[in-house]
Amino acid sequence: MIKYNCFYCNKDWALHDLMIEISELNVSTLYLNKDQTHRGRCIVSFNRHVTELYQLSKEELHSFMEDIAHTSQILNEVFHPDKINYAIYGDIVSHLHVHIVPKSRKSSEWGDAFINSPDNKHYLNEENYTKIINIIRKRLN
Ligand SMILES: [Zn+2]
């Protein structure tokens with residue numbers, strides 16, 4: 001197996017610094033972003049090291065989109081955002097992953113792109129991360 005210098009592949013401290021694993025999905029893994037500036041913000045990471053959507057087979061692409069849609073539906077039910085934003089960047093960490101960001105009209109970023117890494121991150125305590133993760137896990141089953 002090829003070893004990439006990639007925290008989504010290595011699942012090392014750099015990943016655990018930013019996010020907490022919620023669950024394996026069909027072709028991806030769902031993480032809760034530790035920065036909860038936007039409540040319910042998650043990441044869906046494809047389970048193989050590819051960097052672009054066009055590198056997926058038709059079936060993989062379909063399953064990946066289903067994972068994203070299913071996740072966003074759950075986030076909508078749990079957090080009742082006014083809109084969900086989806087972002088694929090990867091300039092620095094190129095492994096294919098999608099930011100799923102529930103947005104509120106009251107947010108200062110409403111009507112604009114969310115700030116990926118804000119200066120003042122909104123961290124929760126372990127108990128509240130666990131609470132959110134358990135609510136999402138329950139709906140995944
Ligand atoms: Zn990777």
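Numbering of ligands and ligand atoms starts at 1, following listing order. For clarity, every value in this text was computed on a predicted model and none was experimentally measured. Values below: all heavy atoms of this structure, side chains included; hydrogens, waters and symmetry mates excluded.
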Name every donor-acceptor pair, under 3.5 Å, that has one atom in a side chain of residues 75-82 and the other anywhere in the protein, sequence neighbours excluded.
{"residue": "Glu77", "atom": "OE1", "partner": "Arg139", "partner atom": "NH1", "Å": "2.8"}
{"residue": "His80", "atom": "NE2", "partner": "Glu77", "partner atom": "O", "Å": "3.2"}
{"residue": "Asp82", "atom": "OD2", "partner": "Arg105", "partner atom": "N", "Å": "2.7"}

Restricting to under 2.8 Å, identify the protein N, O or S atoms around the Zn ion (ligand 1) as residue plus atom.
Cys6 SG, Cys9 SG, His49 ND1, His95 ND1
From CG (Asn134) to CD1 (Ile22), nearest 0.5 Å:
10.0 Å
Can you label the angle between the Tyr89 ring and the Phe114 ring as parallel, tilted or perpendicular, going by 30° and 60°?
tilted
When you compare the side chain of Ile132 with that of Leu124, does any pair of heavy atoms fall below 4.5 Å?
yes
Are Asp67 and Ser28 close enough that a side-chain donor and a side-chain acceptor fall under 3.5 Å?
yes
Would you call Tyr8 and His49 a side-chain contact if the rule is heavy atoms closer than 4.5 Å?
no
